[in-house]
Amino acid sequence: MSMNIFSLPNHHRRGGTTAQDVRIAARFVFARPGWSATERQDVLNDPYLEITVSRAPGRKMLAWSLVRRDSGLLVQFVEEARPMGPYASMNEALLAVWEDAEQRSSQLEARPCLLLFGLDPTSAAEIQDLATITGFDPLLAPSADPETVLTPGLDLAGVVIDLQLPEFGGDGRAVIKRIRQSWARVPVLALTVHPHHAPEADLHGLGGPTQRERRPCNQDRVLQWLHGVYDLHGGERVGGTGRD
């Protein structure tokens, strides 16, 4: 999964990180599965540390940048503009990262999962954004093998799949049948470039509920489908409640 390399504003630059910072961070992540620490350089070649947390294959990776400012350390979550700190030591900065990771992970893990399987990059990005807004935790399938993501206990609320699997190649209908061996009634939104009467867009024999959506997707229809799936799953939407 690619990461955004975060660059701190100019007025937050001073000194980067030290070799001792790197050693402390390495010891910190060593005892924590899924954690990693990497030395990076921003666009002006100023060094910083990147701390990442991977919760599961295909799931959203959390990342923070750590950089020295004068004698203190600033911590910044890559998706937010405001840094935390400054902290007097690397240990204090890493503790702040750990506390932030615990809070963010618990919020994400409480969300039902929406599996995105074999979508083209444009559709995947659009539907991932819509799913997150609706209240899902989008799960991007990393390969054409559904077994890589269909783990026991997965709170799978819905699936969005391209019948032609442009990202992997193959037949999306076979994947739908495999998924429904474990989640018999999971809602599926089946994307296709073909008109509904074409053999390549045929949904017969796939079970249900299954809805077809021709690409390029109509975002209003996709969002309506997402809301319906979320309410069916019994969740509470972001910014409000799903059902009373």
Side-chain angles (χ1 to χ4, degrees), residues 1 56-60 108-151 153-240 242-243:
M1 182 175 179
R59 293 295 184 94
K60 179 179 179 180
L108 288 172
E109 289 165 2
R111 295 181 168 208
C113 173
L114 182 77
L115 176 61
L116 308 183
F117 201 101
L119 308 187
D120 66 280
T122 299
S123 297
E126 291 177 352
I127 295 176
Q128 186 174 15
D129 288 344
L130 293 174
T132 301
I133 293 170
T134 305
F136 290 104
D137 184 11
L139 171 56
L140 296 171
S143 74
D145 182 6
E147 305 302 329
T148 59
V149 290
L150 298 178
T151 57
L154 179 66
D155 185 19
L156 184 62
V159 178
V160 182
I161 185 170
D162 195 302
L163 294 177
Q164 283 69 56
L165 298 179
E167 189 68 9
F168 303 136
D171 183 6
R173 286 170 291 195
V175 176
I176 295 174
K177 291 178 180 179
R178 165 61 193 92
I179 291 172
R180 286 200 164 130
Q181 290 176 8
S182 300
W183 289 270
R185 296 291 296 170
V186 65
V188 172
L189 182 64
L191 309 186
T192 179
V193 294
H194 300 284
H196 71 278
H197 53 77
E200 296 86 351
D202 185 27
L203 301 180
H204 288 93
L206 297 180
T210 306
Q211 179 175 316
R212 185 190 297 107
E213 175 67 26
R214 191 174 182 183
R215 289 198 282 115
C217 298
N218 180 295
Q219 291 196 4
D220 289 338
R221 284 198 300 266
V222 172
L223 191 59
Q224 184 179 19
W225 180 85
L226 288 169
H227 284 316
V229 172
Y230 196 88
D231 290 343
L232 181 66
H233 198 70
E236 292 186 353
R237 243 192 303 281
V238 175
R243 292 191 301 179

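Among residues two or more places apart in sequence or in another chain, the side-chain hydrogen bond (donor to acceptor under 3.5 Å, both in side chains) test is passed with Asp120 by Ser123. In this structure His204 satisfies the side-chain hydrogen bond (donor to acceptor under 3.5 Å, both in side chains) test together with Asp202, sequence neighbours excluded.
The minimum heavy-atom distance linking Tyr230 with Pro112 is given by the pair CE1-CG, 3.6 Å. Closest approach of Ala141 to Phe117, counting heavy atoms only: CB-CD1, 3.4 Å. Nearest approach of Ala124 to Leu116, heavy atoms of both residues: O-CD1, 4.1 Å. Looking at every heavy atom in both residues, Arg180 comes nearest to Pro209 through NH2-O, 2.7 Å. Closest non-hydrogen pair, Ala131 versus Pro138, comes out as CB-CG, 3.9 Å. Residues Val222 and Cys217 approach most closely at CG2-CB, 3.9 Å, considering heavy atoms.
Interatomic distance, CG of Leu156 versus OG of Ser182, reported as 9.5 Å (0.5 Å rounding). Considering CD of Gln219 and CD of Gln224, their distance stands at 14.0 Å, rounded to 0.5 Å. Interatomic distance, Gln128 CD to Leu139 CG, rounded to the nearest 0.5 Å: 10.0 Å. The structure places CG of Leu119 at 9.0 Å from CG of Leu165, a figure rounded to the nearest 0.5 Å. A distance of 9.5 Å separates CD1 in Ile179 from CD in Glu147, rounded to the nearest 0.5 Å. Leu232 contributes atom CG, which lies 9.0 Å from atom CZ of Arg185 (distance to the nearest 0.5 angstrom).
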Could you walk me through whether Val188 and Leu206 satisfy the side chain to side chain contact (heavy atoms under 4.5 Å, CB included) test, starting with their C-alpha distance in whole Å, then the side-chain angles of each, then the deciding distance to 0.1 Å, before giving a yes or no?
CA-CA 10 Å; Val188 172; Leu206 297 180; over 6 Å; no
List the steps and the verdict of side chain to side chain contact (heavy atoms under 4.5 Å, CB included) for Ile161 and Leu115.
CA-CA 8 Å; Ile161 185 170; Leu115 176 61; over 6 Å; no
Report the C-alpha distance between Leu130 and Phe136 in whole Å, list the side-chain angles of each, state the deciding distance to 0.1 Å, and finish with yes or no for side chain to side chain contact (heavy atoms under 4.5 Å, CB included).
CA-CA 9 Å; Leu130 293 174; Phe136 290 104; over 6 Å; no
Assess whether side chain to side chain contact (heavy atoms under 4.5 Å, CB included) is satisfied between Ile127 and Leu191, documenting all intermediate values.
CA-CA 11 Å; Ile127 295 176; Leu191 309 186; 3.9 Å; yes
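Counting only heavy atoms from C-beta outward, the side chains of Gln211 and Val229 never approach each other to under 4.5 Å. Annotation: side chain of Val159 is not in contact with side chain of Trp183 (no heavy-atom distance under 4.5 Å). Proximity of Arg215 to Asp162: side-chain heavy atoms (C-beta onward) are separated by under 4.5 Å at one or more points.
Arg214 places a side-chain N or O within donor-acceptor distance of the main-chain N or O of Val193, the cut-off being under 3.5 Å. Side chain of Arg173 to main chain of Leu163: no donor-acceptor pair is present (N/O by atom type, distance under 3.5 Å, no hydrogens or angles).
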